[in-house]
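In what follows, chains are A, B, ... by sequence order, proteins preceding strands, each numbered from 1.
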Amino acid sequence: MLLRMSTLFLRTLREDPADAEVPSHKLMVRGGYVRRAAPGIYSWLPLGKMVLDNVASVVREEMNRIGGQEVLLPALLPREYYEASGRWTEYGDTLFRLTDRKDADYLLGPTHEELFTLLVKGEYSSYKDFPAILYQIQEKFRDEARPRAGVLRGREFHMKDSYSFDLDDEGLQRSYDLHRDAYIRIFDRLGLNYVIVSAMSGAMGGSASEEFLAETPTGEDTFVRSTASDYAANVEAVQTPTPPALPIEGRPEAQVHHTPDTPTIETLVDFLNGVGLGRSFTAADTLKNVLVKTRAPGEADWEIMGVGVPGDREVDMKRLEAVLHPAEVELLDESDFEANPFLVKGYVGPNALLRNKLRYLVDPRVAEGSAWVTGADEPDHHVVDLVCGRDFTPDGVIEAAEIREGDPSPDGRGTLYTARGIEIGHIFQLGRKFADAFGLDALGPDGKPRRITMGSYGIGVSRVVAAIVEQSHDDKGIIWPREVAPADVHVVGTGKGEQIEVAVRIAEELADRGVRVLVDDRKGVSPGVKFTDAELLGIPTSLIVGKGLAQGVLELRDRASGEREEIAVDTAVEKVVRSVKGA
RNA sequence: CGGGGAGUAGCGCAGCUUGGUUAGCGCGCAUGCUUUGGGAGCAUGAGGCCGCGGGUUCGAAUCCCGCCUCCCCGACCA
């Protein structure tokens, strides 16, 4: 492959585009890899298209390796399929909808479970046909509320989606594991620094869904990881270690104190430390009871419940919602308090909740035998030394307290800190939702139909390109890993003599030897411009044919390390071939 | 949906407060000469619906009203 910059459809920009914020967006636009066509919609120019194809090739190779078979389904889909699965309504505004001339509803596919399910249903009917893995690499459409950061979060994007079809849960687990391994190979080959986090809430548990996050400061997803191990998880999935139970015998009796004007944890702690109880208290010694109401899907009535967390922590509504999903959650409002006078705002204790048969769940730190300062269920009164397991017994534990930097890692090694990542892959055990919706069965050896169980697995191919740039660039430009680079070598001819001719000749030789070459054969362009462009474009290796040519010397540069090496003209081709192939 | 910002040449921007020649600068582009190892110099040029619609005025990029669009932060996002 030989690309000549004199004719390449490429224009690099000296300045950052005004609408770009993150490095990948700036560099991909400046380097002439992509151009914005509309909000969240991008055109891929020749070099960008090559990178995109290279990433897709890696994905394709690894999908084929696990037995995936590539197909290409339409992106334009009739409403009826998504009506059958319920997603015509479930997807909401994120779905791109359109109508044809006969006023029939269509959509642009955001993901293709429906059509794949129907495709398999139409072709396969025997247990002998399964398992099967089908995939495609294609444009997806989602009308994001706020597209941002260039191709990182677009409304049209390139995605690999695959679907597995199995006869039973063990088969699904195998297909899931195959994908998980394939994804690890793919992202390793692409040179990405990533973590795998559980995407399911703590309560749902299991490994039924995992996300692959490329770690970057500009990522949209927050996750936590450990300082001392490779533990990583979504904030929603972090399990708080439960402290050991303490003996109850010999603990001081619970005592109610008059604590005027202490509606907040802070004022309460200050008050207690001021009245001389013979010991000091911190916010972590208090038990804060947050009242929420939940409503299960389809239900009309709200149920009030109490959530007990250590007073030095807030309830993280996202974690709470994840645990209670699919129920809705809201904080109580004034009218709820008025309707339930036993709830004394600011002074709610466990026993008012338990006595009134309200569900009361506590943070795992509220373990058996732990003693707390908490509300006494009457205005201006708190109770000290209320012992869990003796003075009150919660209905269970709940992961709702905020996660903080420095919390112990759930795996017992190190402490947690928060990091940000870009979701580049997601693997998901769908189960039978779509098979049920479309009646996808296979006839078993016993002559009876068996409902197929499915998995769906995505990789955002265009997003991966941006993620690579996020992780691999410097202030001068992009630094492509060789596997995805648009070329192996950037041959730069600079000078007014025969340098450009020689550069082209060397480039041709390299191309003949199977090296992918970009040659800067532009005339009348100063060396500074060519070097700057080379650094911006980010081809892993540059070969400079310049002022050294008169002495028979060329210069080999490594984009990543910045190392420069002088090499002889006559051995240059051989040396480049070796370094490219050997890399 | 809430908050903030911005629409002027392909790209990046000034001009608007205080209306008044032919709307300007840098980059890029074209032509010529010079230059050629770190975003070159000189000269000449092409390129504009000043977001759209209405209004005020002798006169509007500039003032007023309405609308549209885009960007950023947040909410939302199987």
Next on the checklist: Check A:Glu215 with A:Arg420, please: is the shortest side-chain N to carboxylate O separation under 4.0 Å?
Outcome noted: no
Next on the checklist: Does the protein touch nucleotides 2-14 of chain B at the base, only the backbone, or not at all? Give it as B, S and - per nucleotide, heavy atoms under 4.0 Å.
Outcome noted: ----------SS-
Checklist outcome for this item: Between A:Gly40 and A:His426, the residue closer to the 5' end of RNA chain B by nearest nucleotide is A:Gly40
Next on the checklist: Just to verify, what does A:Asp533 make a side-chain hydrogen bond (donor to acceptor under 3.5 Å, both in side chains) with, not counting sequence neighbours?
Outcome noted: A:Thr12, A:Arg522
Checklist entry - Is the distance from OP1 or OP2 of B:rU36 to the nearest side-chain N or O of A:Ser526 less than 4.0 Å? => result no
Checklist entry - Counting just side-chain N and O atoms, does A:Arg36 come under 4.0 Å of either OP1 or OP2 of B:rC70? => result no
Item to check | Separation of atom CZ in A:Phe531 from atom C1' in B:rU36, rounded to whole Å | outcome: 10 Å
Next on the checklist: Tell me whether A:Glu21 is salt-bridged to A:Arg148, with the criterion being a basic N under 4.0 Å from an acidic carboxylate O.
Outcome noted: no
Checklist entry - Which part of the nucleic acid, if any, lies within contact of A:Gln499, taking any heavy atom under 4.0 Å across all strands shown: a base, the sugar-phosphate backbone alone, or nothing? => result nothing
Checklist entry - Below 4.0 angstrom, N of the basic side chain to O of the carboxylate: do A:Arg4 and A:Glu508 qualify? => result yes
Checklist entry - Counting any heavy atom closer than 4.0 Å, what does A:Thr94 reach on the DNA or RNA strands: base, sugar-phosphate only, or nothing? => result nothing
Checklist entry - Base, sugar-phosphate, or nothing for A:Arg30, non-hydrogen atoms under 4.0 angstrom? => result base
Next on the checklist: Can you tell me if A:Lys547 touches the phosphate of B:rG37, counting only side-chain N or O atoms and a distance under 4.0 Å to OP1 or OP2?
Outcome noted: no
Checklist outcome for this item: The side chain to side chain contact (heavy atoms under 4.5 Å, CB included) partners of A:Pro540 (sequence neighbours excluded) come to A:Arg482, A:Ala485
Item to check | Strand RNA chain B in bracket notation, Watson-Crick/G-U under 3.5 Å with | for pairs to another chain | outcome: (((((((..((((......[...)))).((((((.....)))))).....(((((..]....))))))))))))....
Next on the checklist: I need the CZ-C1' distance between A:Phe428 and B:rC77, as an integer number of Å.
Outcome noted: 15 Å
Checklist entry - Base, sugar-phosphate alone, or nothing: which one does A:Arg522 contact when heavy atoms must sit under 4.0 Å apart? => result nothing
Next on the checklist: Go nucleotide by nucleotide along RNA chain B from the 5' end; which of A:Val529 and A:Arg11 gets its closest nucleotide reached first?
Outcome noted: A:Arg11
Checklist entry - Within 45° of the six-membered ring axis of A:Phe531 and under 6.0 Å from that ring's centre, is NZ or CZ of A:Arg557 located there? => result yes
Checklist entry - Does a side-chain N-to-carboxylate-O contact under 4.0 Å join A:Lys433 and A:Glu113? => result no
Next on the checklist: If the threshold is 4.0 Å, N to carboxylate O, is there a salt bridge linking A:Asp474 and A:Arg559?
Outcome noted: yes
Next on the checklist: I'd like to know if A:Asp166 and A:Arg174 make a salt bridge, using a cut-off of under 4.0 Å between side-chain N and carboxylate O.
Outcome noted: no
Next on the checklist: If I take atom NZ in residue A:Lys530 and atom C1' in nucleotide B:rU35, what distance separates them, rounded to the nearest angstrom?
Outcome noted: 14 Å
Item to check | Under-3.5 Å donor-acceptor pair between A:Arg148 side chain and B:rG74 base | outcome: no
Next on the checklist: Within the supplied structure, the quantity of interest is the number of heavy atoms (other residues, nucleotides, ligands) at a distance under 6.0 Å from A:Glu501 CD; does it exceed 12?
Outcome noted: no
Next on the checklist: Using whole Å, what does the distance between atom P of nucleotide B:rG38 and atom CG of A:Leu536 come to?
Outcome noted: 19 Å
Item to check | Side chain of A:Asp533 - closest among B:rC72, B:rG37, B:rG39 | outcome: B:rG39
Item to check | Side-chain N or O of A:Arg14 closer than 4.0 Å to phosphate OP1/OP2 of B:rG28 | outcome: yes
Checklist outcome for this item: Note: contacts of residues 538-546 of chain A with RNA chain B (heavy atom, under 4.0 Å) are A:Ile544, A:Gly546
Next on the checklist: According to side chain to side chain contact (heavy atoms under 4.5 Å, CB included), who are the partners of A:Gln138, at least two apart in sequence or on a separate chain?
Outcome noted: A:Leu72, A:Ala75, A:His112, A:Gln136, A:Lys140
Checklist entry - Which is true for A:Glu211 with a 4.0 Å heavy-atom rule: it touches a base, it touches only sugar-phosphate, or it touches nothing? => result nothing
Checklist entry - Got a salt bridge between A:Asp16 and A:Arg30, using NZ or NE/NH1/NH2 to carboxylate O under 4.0 Å? => result yes
